[in-house]
Amino acid sequence: MAETINSGVAALKTLESWHVDHIYGIPGGTINNLMYALDKEQERIKYIHVRHEEVGALAAVADTKLTGHIGVAFGSAGPGATHLYQGAYDAMADKVPVLFLIGQNPQGLMNEDFFQEFDEDPWFNDPGVYARTVTTAASLPHVIDEAIRRAFAQHGPAFVTIPNDLANKPIPADGYYSSAANFARPQLAAPADDQINQVLELLKQAQKPLIYVGQGAINAASEVMTFAQKFQVPIITTALGKEIIPYDFEALLGSAARVASKPANEALPETDLILFMGSNYPFAEAMFKPNIKFVQVDTNPQVLGKRHHTDVAILADVKQTLQRLIALGEDAPASPWYAANVANVANWHQYNDDMMNRDSGDLRFEPAFKEINRISTDDAIYSIDVGDVTQNAVRLLKVNGRQPWITSGLFATMGVGLPGAIAAQLDYPQRQVFNLVGDGAAAMVMQDLATEVTYGLPVINVVFTNLALGYIEDEQEDDGQEWFGISLPKTDFAQVAEAQGLTGITVSKISEVKDAFDEALSISQSGKPVLIDVRMTNERPIPVEKLTLDPDKFDDDIINAFKQRYYAQKLVPLSSYLKQYNVG
């Protein structure tokens, strides 16, 4: 008799061949046979029992972002499946390969309006690059293998719905195989020299060039910085690209728009040339001047020319393109434009340092970021939630180029910080992990602090409590509306943490912050998770998208009121540095 293998076990072995070593989910009747297979395979693939399927889904997306290997989460039929939807759209928006396994009633009960039954494939066809229901036990591992290949090839989430009876049948042991060892990503040719020369000519003609880099430059930090200095071109990164360039690089302007930094927003209206590298920046239409020269480099032909009229479009890897530009181009002379931006960056950094070093007055968010920077290891991982905390992290985290920084990018999913931290600590158990979150998002997923305890994940959770949805509150202010629907009830997150088995620490004064983070570091180093509840004022972070500092544009009363509100007495507008360095 031919040897057989259980179909559910074969499915898990297929996952293992793709380097999957853990999977998130909550059991249910329609996924039970996959659970029994997980029990049999538990020495090779770990089941992470989350408290909510949405957390598992978002954690799976974070797994892929952090490791490059496929993240996996599952849910049972009906509500278990629909709870995965938030992670599905997060993956779709950020173009992240991820696999979701969906439970379904046994085949004999399908299409009979049975308990928790619904037609799942159409639901997942919208966010998914692949959505199929398995029809035979023998095909189960093959369909999972196909789903993973499609997810990687098409950069998005894939869904496999598994009728429960098909995950517990004997199938031929030699009747399935994995293509993991054969999978390869396309390697694009180096850019043509005639295109490189076109870019070099545009650089020679430009007076105020900028290089704008996104995640496509994540392996090209050295080349970006060399290019910037050689050609005297300041750097802007997308918010998702924050981790690429070290914070202290002299001409790093930060990111633009609202989740952004002052130097980037001031430079964009001045520029006459943007080199758009490895990015599909969604705010380009609003932030980029329409009449400037524009160069785009990307490995995805679908985005070339998408965001701006493009003079030179190069289908190539950012790293290779920069290497050719550096090799073929001549060093630019010292640039007043570059020098003015370097001075503007230094002034912006001084403002942020002054805010982080405040030792009097009410507690704001900046002193907590000072301590995060102080206790962070050289390879710390930051999982950032959505809201003001994203904005503040973009400005204040002094990343060194070796510290991954993840959040929900295009979809901006509140509640993503905790799942990302869980994934990070599972993927890199020896590294330090932070979950930085506002109180609004923390309340959405706080039940899964228990998951950190269950699996001994020593995450440092920092909740910034201001009793409001601050990011939306500021939008309402800008729209001239009375604040409505943005207040939050007072929640003692330290007690919430304690109730779930963590150590909870509360700080409400600047004088308490350093000791709190020292204690948190010690607890984390002992192998246990910890939560710091930073109870701070609800003062608005400086709106760099609405700067009123330039005396050529605003009168003294408006400027002084802005400086008074945002403690910005020492902030200098870029226009002053342009005059100082005689930039026309």
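Since the structure is predicted, the reported quantities are computational estimates derived from the model, not experimental observations.
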Working to the nearest 0.5 angstrom, can you tell me the gap between Q564 CD and D557 CG?
12.5 Å

Candidate list I406, L397, V416, test side chain to side chain contact (heavy atoms under 4.5 Å, CB included), partner I384, passing option
L397

Test your reading of the model: is there a side-chain donor-acceptor pair from E512 to the backbone of K509, 3.5 Å cut-off?
yes

Any side-chain heavy-atom pair from I196 and L200 closer than 4.5 angstrom?
yes

Flag yes if more than 12 heavy atoms outside K553 fall under 6.0 Å of its NZ atom; otherwise flag no.
no

Over 12 non-hydrogen atoms of neighbours within 6.0 angstrom of CD in Q154:
yes

May I ask you to test the V213-T238 pair for a side-chain heavy-atom distance under 4.5 Å?
no

Which residues share a salt bridge (Lys or Arg N to Asp or Glu O under 4.0 Å) with D362, sequence neighbours left out
none

So L275 and Y212, do their side chains get closer than 4.5 Å, heavy atoms only?
no

Please, which pairs that meet salt bridge (charged side-chain N to carboxylate O under 4.0 Å, His left out) have at least one residue in residues 463-474, sequence neighbours excluded?
R258-D474, D474-R540

Taking only residues two or more places apart in sequence, or in another chain, which ones meet E270 in a side-chain hydrogen bond (donor to acceptor under 3.5 Å, both in side chains)?
K208

Taking the six-membered ring for Trp, is the centroid-to-centroid distance between F276 and Y281 below 6.0 Å?
no

What residues form a side-chain hydrogen bond (donor to acceptor under 3.5 Å, both in side chains) with S376, not counting sequence neighbours?
Y382

Is P263 close to N341 at the side-chain level, that is, under 4.5 Å between some pair of heavy atoms?
no

Determine which pairs satisfy side chain to side chain donor-acceptor pair (under 3.5 Å) with at least one residue from residues 295-316, sequence neighbours left out, and list them in order.
N280-R307

Between R535 and D533, is there a salt bridge with N-O shorter than 4.0 Å?
yes

Side-chain donor-acceptor contact under 3.5 Å, S408 with D90
yes

Any residue meeting side-chain hydrogen bond (donor to acceptor under 3.5 Å, both in side chains) with N219, in chain and number order, not counting sequence neighbours
none

Answer whether the closest heavy-atom distance between the side chains of D552 and K579 falls below 4.5 Å.
yes

Measure from the ring center of F464 to the ring center of F369 and say whether it is less than 6.0 Å.
yes

About how many Å separate CD of E475 and CD1 of I486, when rounded to the nearest 0.5 Å?
11.5 Å

Could you give all pairs that pass the ring pair (Phe, Tyr, Trp, His ring centres under 6.0 Å) test and reach residues 563-584, with sequence neighbours left out?
F562-Y566

Test item: Q425 and P458 side chains (from C-beta on) under 4.5 Å apart, heavy atoms:
yes

Tell me, which pairs form a salt bridge (charged side-chain N to carboxylate O under 4.0 Å, His left out) where one or both residues lie in residues 388-401, sequence neighbours left out?
D353-K398

According to the salt bridge (charged side-chain N to carboxylate O under 4.0 Å, His left out) rule, which pairs have a member within residues 230-251, sequence neighbours left out?
K230-D331

Restricting to pairs with a member in residues 410-421, which pass salt bridge (charged side-chain N to carboxylate O under 4.0 Å, His left out), not counting sequence neighbours?
none

salt_bridge(R565, E477) N-O dist < 4.0 Å
yes

Residues in salt bridge (Lys or Arg N to Asp or Glu O under 4.0 Å) with D354, at least two apart?
K570

What distance separates I532 CD1 from E519 CD, expressed to the nearest 0.5 Å?
8.0 Å

Not counting sequence neighbours, list each pair that qualifies as a ring pair (Phe, Tyr, Trp, His ring centres under 6.0 Å) and has a residue in residues 391-421.
Y89-F411

